[in-house]
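Both backbone and side-chain heavy atoms feed into the values below; hydrogens, waters and symmetry mates do not. Chain identifiers are assigned alphabetically (A, B, ...) following the order of the sequence lines, protein sequences preceding nucleic acid strands; residue numbering begins at 1 within each chain.
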Number of protein chains: 2
Amino acid sequence: MYLNSLNQSNFMSYENKDFYAPQDKMYVATDCIIFGFEDGRLKLLVFKRRVEPLMGEWSLIGSFVKLNEDVDEAAQRVLEEITGLKNIFMEQLKSYGAANRDPGYRCVSIGQYALIRINDYDKELVEKHGAHWYDIDDLPDLVLDHNQMVIDALEKLKLKARYQPLGFELLPEKFTIPQLQQLYEAIYQKQLDARNFRKKALSNKVLIKLEEKDKTSSRRGAFLYKFDDKTYQRLIQSGYNFEIS
Amino acid sequence: MYLNSLNQSNFMSYENKDFYAPQDKMYVATDCIIFGFEDGRLKLLVFKRRVEPLMGEWSLIGSFVKLNEDVDEAAQRVLEEITGLKNIFMEQLKSYGAANRDPGYRCVSIGQYALIRINDYDKELVEKHGAHWYDIDDLPDLVLDHNQMVIDALEKLKLKARYQPLGFELLPEKFTIPQLQQLYEAIYQKQLDARNFRKKALSNKVLIKLEEKDKTSSRRGAFLYKFDDKTYQRLIQSGYNFEIS
DNA sequence: GATAATAAATGTAATTTATACATTAATTTT
DNA sequence: AAAATTAATGTATAAATTACATTTATTATC
């Protein structure tokens, strides 16, 4: 994946189609690196590109930023068009500004990563847009510099997840400790000790234990928890240093 | 400086008092948040703005990104024009994309923070451009969203300095441990214990003790050290986790 | 209804890291 | 020779991290 030879052939196919490249004008776009979590695996939402050049190739979803629109608004707009969801966690990754990064346009793209809760409702909407949830370590080649965006976003997710409760954005509202552990194992890409993980996770005092159990993955069942955002906000207000594994 | 890459008609109408705001076109700019360190204090390099609107106000230095230029190249270009220095440490902070952030243009700016070694040579060049090194906790109001950029950059510096040897970019090549401590105290904005700091700093094994002493700040003099980038690179290659205070 | 199977839940000891703290050393100035 | 000044150093205590094995709750099967 992500080979030079592939980029080259992408470029050729663009040339063959005589696509007009208006390089006399600056564009600003935003591309969304959309993460999800399902079946113990971290996933990325990718799309079949619908326009030339590179039509039909896998791509992140994005849009040009409109003249009267904030960059962050544009990203929210794109996300809502695709998933139907508002108020999704999203944060700037970085901007991608190489002069030749897009053969079609002189376009600076602001990468934004989003964390969403995969569920059947989203999936349906997503399918309408020719999208697919790929396993993070089984991604196809993406157009332009989109693979690099994913690499950078993963790196950032790894760094931030430790000190900010990002993980909970990816889990359903109610989750078990083993599920939480699986998530962090997927993000950090390493195995964690179950006893130590549980200890650490609970030591932050921001997980509320519920009476219900989830029995989908064991006979005994595991207690469900939810993240207590109010307490979390209060804690960090007073200087608390959240950390998980 | 900021308007060098504009066409003349825009420039003229912008320059007189009821300036025309060409919001029919997207611009991309880059602004540099330039940090230095001198006399135990963290400093920021700011400039008198030379064009309307807001002519004469303090501002970060920046430029529009040219059509055939990488965003990062543009930032290096600006920095070189001002300081005469190449290969300065610089890294993307984030992009600033609010639709109304600049009353003159629809302009997305990529903030980049730079760390430079203040010395007399730089200062001379800098003065030519109507610039001034301000103490970081005694900054004037800056134009547009530039104060926010500084706040964000400081926050990022605080976070990154701990796990990446950024600090050495701000110090002269040879420095003493007390100087290094002063720097970290300025970045973290808190006092550090001299014994513990020294222990921690030296524990990373990337400081080379020289035979020379610096006697500018004590009768006894303090030994000079330099940062051993080769060893540092080797260590992080093999998974070492650099940390300072 | 007893047994087997399975993942969840729990505790402790050893090691490492972080913190708090006071004295002596080297040098110059008077 | 004495005074002044900053640099340099060590240790004991507390806190955090790591490594590691058994029991528990429940369902499925015989």
Side-chain angles (χ1 to χ4, degrees), chain A residues 39-41 158 161-163 171-172 174-186 188-226 235 239-245, chain B residues 39-41 158-159 161-163 171-172 174-226 235 239-245:
Chain A
D39 303 329
R41 292 174 167 276
K158 246 189 235 185
R162 193 177 188 111
Y163 301 106
L171 289 171
K174 300 174 183 181
F175 52 85
T176 67
I177 303 290
Q179 277 164 10
L180 187 64
Q181 179 177 346
Q182 276 189 318
L183 171 61
Y184 277 89
E185 287 179 335
Y188 299 149
Q189 303 196 84
K190 70 170 183 188
Q191 297 301 107
L192 301 170
D193 178 88
R195 278 165 294 188
N196 295 337
F197 180 84
R198 180 181 294 264
K199 221 184 308 171
K200 191 80 183 274
L202 294 174
S203 74
N204 290 300
K205 307 289 181 197
V206 293
L207 297 185
I208 298 172
K209 186 176 183 173
L210 306 175
E211 292 308 305
E212 311 163 62
K213 279 186 165 183
D214 173 303
K215 295 204 171 157
T216 55
S217 70
S218 79
R219 287 170 180 164
R220 177 180 179 176
F223 279 103
L224 287 163
Y225 289 77
K226 60 181 184 180
L235 285 175
Y240 181 76
N241 207 5
F242 174 88
E243 192 180 334
I244 193 162
S245 266
Chain B
D39 302 330
R41 293 174 164 278
K158 245 188 234 184
L159 286 175
R162 194 177 188 109
Y163 301 105
L171 290 171
K174 298 173 183 179
F175 52 86
T176 67
I177 303 291
Q179 279 166 8
L180 186 64
Q181 180 178 342
Q182 277 189 316
L183 171 60
Y184 277 90
E185 287 179 335
I187 293 174
Y188 298 150
Q189 304 197 85
K190 70 171 186 187
Q191 298 300 110
L192 301 171
D193 178 89
R195 278 166 295 189
N196 294 338
F197 179 84
R198 182 180 294 264
K199 222 184 304 173
K200 191 80 182 278
L202 294 174
S203 73
N204 290 299
K205 307 288 180 198
V206 293
L207 296 185
I208 299 171
K209 186 176 185 173
L210 307 174
E211 291 308 305
E212 310 163 64
K213 277 185 167 183
D214 172 304
K215 295 205 172 156
T216 57
S217 69
S218 81
R219 287 168 180 165
R220 178 180 178 174
F223 279 103
L224 288 162
Y225 288 76
K226 58 182 188 180
L235 284 175
Y240 181 76
N241 206 6
F242 174 88
E243 191 178 336
I244 193 161
S245 265

What is the distance, rounded to the nearest whole Å, between atom [atom1] of [X] and atom [atom2] of [N]?
X: B:Glu212; N: D:dA7; atom1: CD; atom2: P; value: 17 Å
X: A:Lys190; N: D:dA19; atom1: NZ; atom2: C1'; value: 14 Å
X: A:Glu243; N: C:dT17; atom1: CD; atom2: C1'; value: 13 Å
X: A:Asn204; N: D:dT17; atom1: CG; atom2: P; value: 10 Å
X: A:Gln181; N: C:dA8; atom1: CD; atom2: P; value: 9 Å
X: A:Asp214; N: C:dA7; atom1: CG; atom2: P; value: 13 Å
X: A:Leu202; N: C:dG11; atom1: CG; atom2: P; value: 12 Å
X: A:Leu180; N: C:dA8; atom1: CG; atom2: C1'; value: 15 Å

Which nucleotide in D:dG10, D:dT6, C:dA18 has an atom nearest any side-chain atom of B:Lys200: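 Of D:dG10, D:dT6, C:dA18, C:dA18 is nearest to the side chain of B:Lys200.
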
So if I take every side-chain heavy atom of B:Ser218 and compare against D:dT9, D:dT6, C:dT19, which nucleotide ends up nearest?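 Nearest listed nucleotide: D:dT6.
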
Who passes salt bridge (charged side-chain N to carboxylate O under 4.0 Å, His left out) against A:Lys174, sequence neighbours left out?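 With sequence neighbours excluded, A:Lys174 shows a salt bridge (charged side-chain N to carboxylate O under 4.0 Å, His left out) to A:Glu212, given in chain and number order.
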
Judged by each residue's nearest nucleotide on DNA chain D, which is more toward the 5′ side, B:Asp193 or B:Pro178?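 Final value for this comparison: B:Pro178.
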
Gap between atom NZ of A:Lys209 and atom CD1 of A:Ile177 - 0.5 Å precision: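 Rounded to the nearest 0.5 Å, the CD1-NZ separation comes out at 9.0 Å.
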
Give every donor-acceptor pair under 3.5 Å between a side-chain atom in residues 215-222 of chain B and any protein atom, sequence neighbours left out.
{"residue": "B:Thr216", "atom": "OG1", "partner": "B:Asp214", "partner atom": "OD1", "Å": "2.6"}
{"residue": "B:Thr216", "atom": "OG1", "partner": "B:Asp214", "partner atom": "OD2", "Å": "3.3"}
{"residue": "B:Ser218", "atom": "OG", "partner": "B:Gly221", "partner atom": "N", "Å": "2.7"}

Measure distances between side-chain N and O atoms of A:Arg219 and base N and O atoms of C:dA7, and say whether any donor-acceptor pair falls under 3.5 Å.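 Such a pair does not exist between side chain and base.
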
By nearest nucleotide on DNA chain C, pick out whichever of A:Ala194 and B:Asn196 is the more 5' one.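 Whichever sits nearer the 5' end wins; that is A:Ala194.
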
Short side-chain N/O contact from [X] to OP1 or OP2 of [N], under 4.0 Å:
X: B:Arg220; N: C:dA25; result: no
X: A:Arg198; N: C:dA9; result: yes
X: B:Lys199; N: D:dT9; result: no
X: A:Lys213; N: D:dA25; result: no

A side-chain contact here means heavy atoms from C-beta on lying under 4.5 Å apart; do A:Asn196 and A:Lys200 qualify?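 Not in contact.
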
Hey, are the side chains of B:Phe175 and B:Tyr225 touching, using non-hydrogen atoms and a 4.5 Å cut-off?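 Yes, their side chains come closer than 4.5 Å.
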
Touch check for A:Thr176, heavy atoms < 4.0 angstrom, all strands: base, sugar-phosphate only, or nothing?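 If one applies the 4.0 Å heavy-atom cut-off, A:Thr176 turns out to touch nothing in the nucleic acid.
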
